[in-house]
There are 2 protein chains.
Amino acid sequence: MKAEIIGVGTELLLGQIANTNAQYLSGELAEIGVHVYYHTVVGDNPSRLSEAIKHAETRADLLIFTGGLGPTKDDLTKEIIADHLKREMVTDDNSWKQIQDYFMRTGRYMTANNEKQAHVIKEAKVLPNDHGMAPGMFVKEGSHFYMLLPGPPHEMKPMFRNYGRQAIIDQLEKVECIESRVLRFFNIGEAEIAEKLSDIIDAQTNPTVAPLAGDGEVTVRLTARSDSRENAISLLDEIEKPIQEKAGEYFYGYGDTSLMAELLRVLEDRELTITAAESLTGGLFQSEMTSVVGVSTMLLGGIVCYSNEAKIKLCNVKPETLEKHGAVSEQCAIELAENVRKSLDADIGISFTGAAGPDSLEGHPAGTVWIGMSFKDEGSKAVLVKMAGTRNGNRRRSVKMGCYYLLKELDKK
Amino acid sequence: MKAEIIGVGTELLLGQIANTNAQYLSGELAEIGVHVYYHTVVGDNPSRLSEAIKHAETRADLLIFTGGLGPTKDDLTKEIIADHLKREMVTDDNSWKQIQDYFMRTGRYMTANNEKQAHVIKEAKVLPNDHGMAPGMFVKEGSHFYMLLPGPPHEMKPMFRNYGRQAIIDQLEKVECIESRVLRFFNIGEAEIAEKLSDIIDAQTNPTVAPLAGDGEVTVRLTARSDSRENAISLLDEIEKPIQEKAGEYFYGYGDTSLMAELLRVLEDRELTITAAESLTGGLFQSEMTSVVGVSTMLLGGIVCYSNEAKIKLCNVKPETLEKHGAVSEQCAIELAENVRKSLDADIGISFTGAAGPDSLEGHPAGTVWIGMSFKDEGSKAVLVKMAGTRNGNRRRSVKMGCYYLLKELDKK
């Protein structure tokens with residue numbers, strides 16, 4: 001099956017946003033063995049969109065559209081496609097109910113043009129939108145397939161992942177079984193892991209082995225093709241073994257997990273509570289923890305002590321500590337972690353204090369961070385981390401480092 | 001002049017990178033009055049690239065290619081275009097000298113395929129590459145123009161900015177002046193603003209008026225074309241007036257600003273300090289504030305009080321308040337905001353308490369959030385917000401709402 005991805009939206013042609021949707025879909029389609037030969041972007045213009053559809057039909061079996069499903073007048077993707085396919089538009093009751101519910105729930109005023117979002121092409125398979133109002137569609141006509149997805153990536157991606165992907169797989173004549181496994185590594189660079197795994201990477205055919213760096217972590221994606229799920233999985237197991245032998249000390253989890261998710265799993269298993277005192281991270285550690293459902297049994301709360309005043313008033317750091325050692329110090333990190341742990345009688349206290357950047361702080365270069373850890377009845381310690389990123393890169397990396405070192409400490413206990 | 005941007009590279013079709021080059025060039029071309037009607041992406045495949053060129057010639061005057069100018073075998077953009085135009089390739093002496101210099105300077109070993117990078121299409125205007133080895137080209141043939149740019153953005157952007165842009169402007173018969181202005185709105189939906197502005201949007205010709213929703217906000221982009229910058233700007237001023245009359249109560253800023261940036265600007269102007277007590281947001285408000293350089297004069301720090309225990313122990317909320325009204329209440333929000341403000345003797349205290357979701361809390365549906373605000377010597381209040389997003393969508397939106405309501409309150413003072 002050959003596919004073309006057609007991004008619809010004048011904002012793309014004006015350079016207001018990049019076509020990240022095409023990137024995402026291309027990666028997903030490659031995984032299920034669908035070949036993408038072209039991306040096209042066209043504006044909110046009926047005749048040019050029609051032309052793009054006709055041209056794409058000459059070179060692709062599957063046309064995937066993103067954008068133009070919203071409520072305003074310049075959203076016209078589905079209308080143009082319906083017209084092109086000579087099909088009517090009908091109201092999808094489920095979508096219409098969902099839109100009405102949304103406005104009821106939020107107490108907001110619903111304008112008339114919102115009903116337009118519930119209109120779908122007749123006989124289309126409706127793809128539910130779990131993160132927005134406009135539903136997606138999958139239409140078969142003759143030898144062609146048409147998939148319509150919303151433009152906002154946070155709506156489009158889960159819709160494709162949860163509904164669109166399977167709709168396409170169902171149409172593939174010979175379904176090869178493709179299984180992927182993502183291994184996650186931390187505290188090692190992409191070049192370093194690529195060197196460690198160079199024999200395996202050079203020899204790869206099936207499964208493929210693809211390291212990818214991103215957001216301070218390295219992932220290695222293994223993808224195996226076979227005639228059955230079982231065989232594909234055993235191919236993955238086979239190739240994972242030597243990878244773990246060579247780089248296992250940096251491995252921390254599979255798939256969509258994160259260092260924070262792994263930390264929460266351990267805290268939950270051991271029924272431990274945690275609290276934090278955050279200076280340069282400014283609440284980011286606790287905010288990321290709070291983003292997970294059901295953390296209330298683990299995270300009690302904590303302190304944001306961005307200023308020295310807050311370190312003293314909210315976290316009882318001794319003024320002498322700040323005078324003698326400064327805020328960017330082992331001593332300060334330990335006092336913060338211990339005091340915040342005691343203030344809520346938690347099992348674990350963690351603290352972050354350092355120079356986020358871009359400027360140095362107290363003579364310490366940007367990226368110098370002390371992470372303090374205090375364990376009930378088991379003492380406290382602090383580790384020094386040095387980073388070379390941007391201000392917010394350093395802040396995000398500090399949070400990851402905090403999770404990483406806590407996991408290491410908890411592993412020993 | 002109509003342009004089409006053609007990205008060449010299989011890595012784009014596999015989803016390994018996003019086509020940010022097309023975004024950059026689109027913005028640049030819009031500025032000089034060149035209309036971009038299509039983006040195309042095609043792989044490193046001779047016949048499909050040839051087809052894309054032929055098709056683009058039917059709908060554009062200027063074809064801009066990015067990628068495929070490098071030394072390896074799959075870099076074939078210029079060879080295919082030369083072939084298409086029936087022109088020879090010749091060695092560009094300056095580029096060849098530059099490549100040899102590079103290898104001399106770095107002491108690296110030059111492989112034979114590097115000479116290929118100095119080959120250019122005969123009679124092309126050569127665009128120097130100040131950040132890499134492959135030169136760009138600008139070719140006129142009949143009524144069409146062809147611009148070839150390298151793929152890596154850090155080479156492509158300066159080449160276009162310093163040489164390509166002017167080469168195009170030189171060919172424009174009448175240089176139109178284009179000015180854009182982005183208006184940012186909050187607490188109003190895209191459909192609602194489109195309805196409010198429907199007369200203006202329907203009547204638009206010049207300037208154009210384009211609403212766009214994203215991340216809980218709506219922007220309206222105005223773009224005016226005229227013979228001078230001055231005239232374009234007065235066209236923008238003219239059309240902004242009725243827009244502000246109809247939707248000004250939701251307007252909060254221009255261009256790349258954010259609600260947090262606007263709040264920080266006001267705090268800085270008035271030399272006010274702020275602190276926060278965060279329950280469902282879990283530190284997100286303070287973390288977002290900390291992401292900005294130089295907030296230490298404004299943000300002192302604060303409390304994350306995710307559990308009721310933390311509300312009592314860290315923020316002195318009266319247990320009776322939680323028993324009688326619950327955590328998701330006006331009373332709790334006000335106590336949190338007042339107490340956290342007093343604990344650091346700040347000018348402003350803000351608090352967030354509510355049900356992030358997905359589950360309801362104390363009988364309040366997910367998305368019910370109280371935002372408390374306390375002002376030194378000026379009393380406290382709380383506002384109720386209802387949202388219908390995901391857990392993290394609600395948390396992010398709460399932070400924006402907090403900035404929004406604080407801005408409104410500060411506006412009154």
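First the proteins, then the strands, lettered A, B, ... as listed; each starts at 1.
The parts of A/Val295 that come within reach of chain B are both its backbone and its side chain, each placing non-hydrogen atoms under 4.5 angstrom from that chain. Within the 4.5 angstrom heavy-atom criterion, only side-chain atoms of B/Ala194, from C-beta onward, approach chain A. In this structure, the portion of B/Arg391 lying under 4.5 Å from any heavy atom of chain A is its side chain and not its backbone. Looking at B/Ala310, both its backbone and its side chain come within 4.5 Å of chain A, counting heavy atoms on both sides. Looking at A/Leu280, the atoms closer than 4.5 Å to chain B (heavy atoms on both sides) all sit in the backbone: N, CA, C or O. Looking at B/Ile201, there are no atoms closer than 4.5 Å to chain A (heavy atoms on both sides), in backbone or side chain. Looking at B/Val385, neither its backbone nor its side chain comes within 4.5 Å of chain A, counting heavy atoms on both sides. Only the backbone of B/Thr281 has a heavy atom closer than 4.5 Å to any heavy atom of chain A. In this structure, chain A has no heavy atom under 4.5 Å from any part of B/His35. Using a 4.5 Å cut-off between heavy atoms, B/Ala210 makes no contact with chain A at all. For A/Arg395, the part lying under 4.5 angstrom from a heavy atom of chain B is the side chain only. Interface remark: B/Asn21 contributes no atoms to any contact with chain A (heavy atom separation under 4.5 Å). Contact of B/Leu314 with chain A is made through the side chain alone, with heavy-atom distances under 4.5 Å. Both the backbone and the side chain of B/Tyr37 come within contact range of chain A, each with at least one heavy atom under 4.5 Å from a heavy atom of that chain. For chain A, the nearby part of B/Glu51 is the side chain; its heavy atoms alone come within less than 4.5 Å.
With sequence neighbours left out, B/Ser47 forms a side chain to side chain donor-acceptor pair (under 3.5 Å) with B/Asn45. Residues passing the side chain to side chain donor-acceptor pair (under 3.5 Å) test with A/Lys157, sequence neighbours excluded: none.
For the residue pair B/Tyr306 and A/Leu299, the shortest heavy atom distance occurs at CD2-O, 3.7 Å.
Highest contact tally toward chain A, considering only B/Ile6, B/Leu344, B/Val36, B/Leu25, is held by B/Leu344 [criterion: heavy-atom pairs under 4.5 Å]. Of the residues considered (B/Glu4, B/Met289, B/Glu192), B/Glu192 shows the highest number of contacts with chain A, using heavy-atom pairs under 4.5 Å. Interface check for chain B: of the options A/His131, A/Lys73, A/Glu309, the most heavy-atom pairs under 4.5 Å are formed by A/Lys73. Options A/Ser296, A/Pro152, A/Gly43, A/Ala356 differ in how many heavy-atom pairs under 4.5 Å they form with chain B, and the most are formed by A/Ser296. Most heavy-atom pairs under 4.5 Å with chain A, from the set B/Ser343, B/Ala191, B/Gly189: that is B/Ala191. Interface check for chain B: of the options A/Ser287, A/Gly283, A/Ser279, the most heavy-atom pairs under 4.5 Å are formed by A/Ser287. Residue with the most contacts toward chain A among B/Val292, B/Thr368, B/Val182, B/Leu300: B/Leu300 (heavy-atom pairs, distance under 4.5 Å). The greatest number of non-hydrogen atom pairs below 4.5 Å with chain A, out of B/Asp202, B/Thr219, B/Ile5, B/Thr223, is found for B/Asp202. Ranked by heavy-atom pairs under 4.5 Å with chain B, the list A/His55, A/Lys311, A/Lys313 is led by A/His55. In terms of non-hydrogen atom pairs under 4.5 Å with chain B, the most contact-rich of A/Leu12, A/Thr297, A/Asn19 is A/Leu12. Contact count versus chain A (heavy atoms, under 4.5 Å) is highest, among B/Arg59, B/Gln23, B/Arg221, for B/Gln23. Among the candidates A/Arg105, A/Arg48, A/Gln286, the residue making the largest number of heavy-atom pairs closer than 4.5 Å to chain B is A/Arg48.
Taken to the nearest 0.5 Å, the CG atom of B/Leu13 stands 11.0 Å off from the CG atom of A/Leu29. Atoms CG and OG1, from B/Asn392 and A/Thr290 in turn, are 9.0 Å apart once rounded to the nearest 0.5 Å. To the nearest 0.5 angstrom, A/Thr72 atom OG1 is 11.5 Å from B/Leu197 atom CG.
Between B/Val304 and A/Ile303 there is no side-chain heavy-atom pair separated by less than 4.5 Å.
Atom CG of B/Asp256 is surrounded by 12 or fewer heavy atoms from other residues, nucleotides or ligands within 6.0 Å.
The main-chain N or O of A/Leu14 is never found under 3.5 Å from a side-chain atom of B/Ser26 such that the two would form a donor-acceptor pair.
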